[in-house]
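Below you'll find the structure, written out as C-alpha cells, and then a few comments.
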There are 2 protein chains.
Amino acid sequence: MAERAGVGIGTVSRVINNSPAVRPETRAKVQAVMEELGYVPNPHARRIAGGRSYTVSVLLPFVGTEFYLRLLEGIEAELGERRYDLALFPLLSKRRLERFLNSSALAYHTDGLIVASYDLAERFPGGRLPTDRPVVMVDARSRAYDSVFLDNALGGRMAAEHLLGLGGPIFAVQIEEELDRAFASTVFSARIGGFRAALAQAGAPLPERHVFRTRLSAEGGQMALQRFLEIESPPINVFAAADVVALGVMEEAVRRGLAVGRDVRVLGFDGQPWTAARGISTLEQPVEKMGHTAARMLIERLQGHTGGVRHERFEPSLVVRATTSV
Amino acid sequence: MAERAGVGIGTVSRVINNSPAVRPETRAKVQAVMEELGYVPNPHARRIAGGRSYTVSVLLPFVGTEFYLRLLEGIEAELGERRYDLALFPLLSKRRLERFLNSSALAYHTDGLIVASYDLAERFPGGRLPTDRPVVMVDARSRAYDSVFLDNALGGRMAAEHLLGLGGPIFAVQIEEELDRAFASTVFSARIGGFRAALAQAGAPLPERHVFRTRLSAEGGQMALQRFLEIESPPINVFAAADVVALGVMEEAVRRGLAVGRDVRVLGFDGQPWTAARGISTLEQPVEKMGHTAARMLIERLQGHTGGVRHERFEPSLVVRATTSV
DNA sequence: GGGTGTTCTGGAACCGCTTCCCACGTTGTC
DNA sequence: GACAACGTGGGAAGCGGTTCCAGAACACCC
C-alpha cells in the first residue's frame, strides 16, 4: 500500500498485525492513510507470507435451523472482530465429509476448526479428527478437544420445577430422530433425563406412558397431545423437548378448542425467535454467546494458548409466556 | 516443488495450469513426480501470483433441505473437476448478507458467484448484485445474469395430465410461506399456475375451493386433505406442490383408514430421495444436473467466455409410484 | 557530553506461485 | 548449408505481504 504514509513497509505490516512495537502516533498516521485509501490487506498474500490462513472452518451437519444460524452469527461476529475469515462446510453426507478431508481446505485454508456436528468426531478413533489443527466442539463432549456446551440436563430440571409449580399431571415429548437424517439424540435425551430426574426427586416420577416419542416436527407435538388427552383430561402440563414440538402441541390444543395456558400448558426448549410472537414458554439457549465463545476459544489456541482441554458450560434460561402462565 | 523432475519452475507451472506449450513426455514426467511427492500447489500462492482466486462463492438462503444439498453436490462435483474451490454463504438475514458484501470474500476470495437465493438479486437496482464478478443464478429469472431454472409450469402441466388420467375430482395444495421465513413462492405459484392452466385447457378448470393454501410442511398436507374430504368423498386426486406436503396428505389418509392410491391419490413435487421409500409419486427435479450446469456456465465465463446472457431450462420428470397407481 | 540501553523503524530476503522474455533445438525452405 | 519460423523450456521478475536484522532515535545515567 502506500509507503506514502511516509513509513516503511515493515511498519505498515506491524500496524496491520497490531504489533505493540509501534509508537502510537506512527500507528495513527498509518491507520489514517489506510482508512483514506480504503486499503484492505490481501489475505492471500498474508497467508503465503505468514504461513497462517486467518481462516477458521466451521463444520456442521447443515444450516437451516435457527440454532445453526444463530450459532453462526455468534461465531462470525467474534471472528470478524478478530479479523478472521470463516469457511463453512455443511457435511450432511459421507461424500461431502470425505471431499472436505481430502480437499486443500484442510491443508491450506484452515487454521482451526469449529465442529458443531455432534457425532462427527466419534467416527474417528480416539474421537480425534484427522488433522493437527486446533479444534473446538459445540454441543458434544470430547476428551480430546475444547468445547462449549449447553447443560441440557439442567434445562430439563428447570422445566420440571416450572411445571411442578403449575399443578396437574405432567407429560413429556421426547425427540428421537429427524425425518430422513440420523439425529444423535443425546441432546434430547439429556433434556428428558434431567426432567425425569427432577420429577423423581420431587417425589413425582414420570410414568413411562406419559412420555411420547416422535420426530422433530410440529406434527409430532400434535400427535403427542392427542395421546396424552386419551390418558388424562385437562388441565395437563407438557414438556416438549424442542420448540417446534411445543408449537404442534399448542396448535392441536387450539384445534380442539382447549384453552392454552389453562387446559393445556406447554413448555418448549431452544428459545426459537418465533416462540415470542406465539407466546410459547421455553428454555432459551444462549446460542449466539456459545458461538462467540467457541470462536474465542479457538482463536486463543491459534494464538498459541496451550494447556489442558477446556469445556465451557452454558445454562438455558426459563422464559415464561402465555402457554404456561395460568 | 521438485525441479528434481529435471525441469524448470516455469514448466512445472505450465503443467499445473495445463498450458498446451508442454511436450507430452515432459508433462508426463512432471506429473509423475508430482504424484510421487504428493505435491499440491499452494492455492494462496497461485492466487496472489495469478490474480485469480480459483474460488467460487455460492450464495443461498440456507442449507438444510435436500434441494440445496443436492444442488451443492452438483456444483461441488463440477467445481472439483475443474479444480476450483467453493465458498459457501447461507445468507438468511440481512445482517449476514451485508457482512458478506463488505467482507474480503468478495474482494479477494471470489472469482464468481452462484446465487441460489431467489429474491436476492431483486433487492438491488436493475437486479444486479453489487459486484463486477460473473454471476449465475439458480431458479430465478434474471435479465442481467446467466441462469439455470426448472420449468415449474411445465411440471404443473405434467401433474395435471397425470391426474386427469386417473379420473375423479382434482385438488391442489399451494404453498405460501415457510414457518418463520419469507419464501418467495414464485416457484410454487408457477407449479400451480401450470397445473390450473392445463386443467382449464382440458375443459376441467380447477374450482377455487379445490385449492388449499398452507405452509411448506407435512401438517399442511394433513389439513389440506381434511378440508378436501369435507368437499368431496373418495376417490379424490391431490396435487401437492411439494413432496413434504404430499407426505402429509398421505399420512392423513392412512390415519383415516383410506387406501392411498385408491381412495386418495397424491402426487408430490421435487423428487426428494425419501419419496421412493414411501411410494410417493412425484415430479423429480434434476437438481444435481442443474448444479453441474450452473457451475459449468460460471467457469466458462471465468475462462473468458463473453456473449449474451444464457438461460438453461430443465424439465422435471414424472415418477409414478404407489400413491397414484390405482 | 559520552556511554549504554530501550524503543522504534526501514528494508532486504523470502513465501510459492505465474508470467514473460529469451534462448535453444528442430524442422522446413530456398 | 544458411536462415527463418516454430515449438519448448529455463529462469528472472514480481504478486503483496511477513519476518528479521541492523540501525536510528531517544532516554537515562554517571
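A, B, ... follow the sequence lines: proteins, then strands. Residue 1 opens every chain.
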Would you kindly give the [atom1]-to-[atom2] distance between [X] and [N], to the nearest whole Å?
{"X": "A:K29", "N": "C:dG10", "atom1": "NZ", "atom2": "C1'", "answer": "12 Å"}
{"X": "A:E25", "N": "D:dC26", "atom1": "CD", "atom2": "P", "answer": "11 Å"}
{"X": "A:R27", "N": "C:dT9", "atom1": "CZ", "atom2": "C1'", "answer": "13 Å"}
{"X": "A:I9", "N": "D:dT19", "atom1": "CD1", "atom2": "C1'", "answer": "10 Å"}
{"X": "A:R46", "N": "D:dT19", "atom1": "CZ", "atom2": "C1'", "answer": "13 Å"}
{"X": "B:M34", "N": "C:dG16", "atom1": "CE", "atom2": "C1'", "answer": "15 Å"}
{"X": "A:D111", "N": "D:dT18", "atom1": "CG", "atom2": "P", "answer": "14 Å"}

List the residues meeting side-chain contact (heavy atoms from CB on, under 4.5 Å) with [X], not counting sequence neighbours, and say none if there are none.
{"X": "B:D151", "answer": "B:A153, B:L154, B:R313"}
{"X": "B:P130", "answer": "B:L101, B:F124"}
{"X": "B:A144", "answer": "B:R128, B:S142"}
{"X": "A:S147", "answer": "A:M137, A:F149, A:H311"}

Practice item. Using the side chain to side chain contact (heavy atoms under 4.5 Å, CB included) rule, take B:V58 and B:L71 through it: C-alpha gap first, then chi angles, then the decisive distance, then the call. Key: CA-CA 10 Å; B:V58 177; B:L71 185 69; 6.0 Å; no
**Study point:** salt bridge (Lys or Arg N to Asp or Glu O under 4.0 Å): pairs with one or both residues in residues 37-47 of chain B, sequence neighbours excluded
**Key:**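 Non-adjacent pairs meeting salt bridge (Lys or Arg N to Asp or Glu O under 4.0 Å): B:R47-B:D85.
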Study note, to complete from the structure: A correct 5'-to-3' footprint of nucleotides 20-25 of chain D, with B, S and - meaning base, sugar-phosphate only and no protein heavy atom under 4.0 Å, is B-----
Point to revise | Salt bridge A:E25-A:K29, side-chain N to carboxylate O under 4.0 Å | key: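 Salt bridge flag = no for A:K29 with A:E25.
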Under-4.0 Å side-chain N/O to phosphate OP1/OP2 contact, [X] with [N]:
{"X": "A:Y39", "N": "D:dG17", "result": "yes"}
{"X": "B:T11", "N": "D:dG10", "result": "yes"}
{"X": "B:N42", "N": "C:dC15", "result": "no"}
{"X": "A:S13", "N": "D:dT19", "result": "no"}

Looking at residues at least two apart in the chain, or sitting in another chain, which of them share a ring pair (Phe, Tyr, Trp, His ring centres under 6.0 Å) with [X]?
{"X": "B:F314", "result": "none"}
{"X": "B:F67", "result": "none"}
{"X": "A:F100", "result": "A:F89"}

Contacts under 3.5 angstrom, residues 291-300 of chain B side chains, donor-acceptor by atom type, not counting sequence neighbours:
residue, atom, partner, partner atom, Å
B:H292, ND1, B:E288, O, 3.3
B:T293, OG1, B:K289, O, 2.9
B:E300, OE1, B:R310, NH2, 2.9

Exercise for review: Output the residues of residues 48-57 of chain A in contact with DNA chain D, where contact means a heavy atom of the residue under 4.0 Å from an atom of the strand; sort by number or write none.
Suggested key: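 Residues of residues 48-57 of chain A under 4.0 Å from DNA chain D: A:I48, A:A49, A:G50, A:R52.
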Review point. So what is the end-to-end bend of the helix from C:dG1-D:dC30 to C:dC30-D:dG1, with 5 pairs used at each end and the value given to 10 degrees?
Key: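 Angle reported: 50°, given to the nearest ten degrees.
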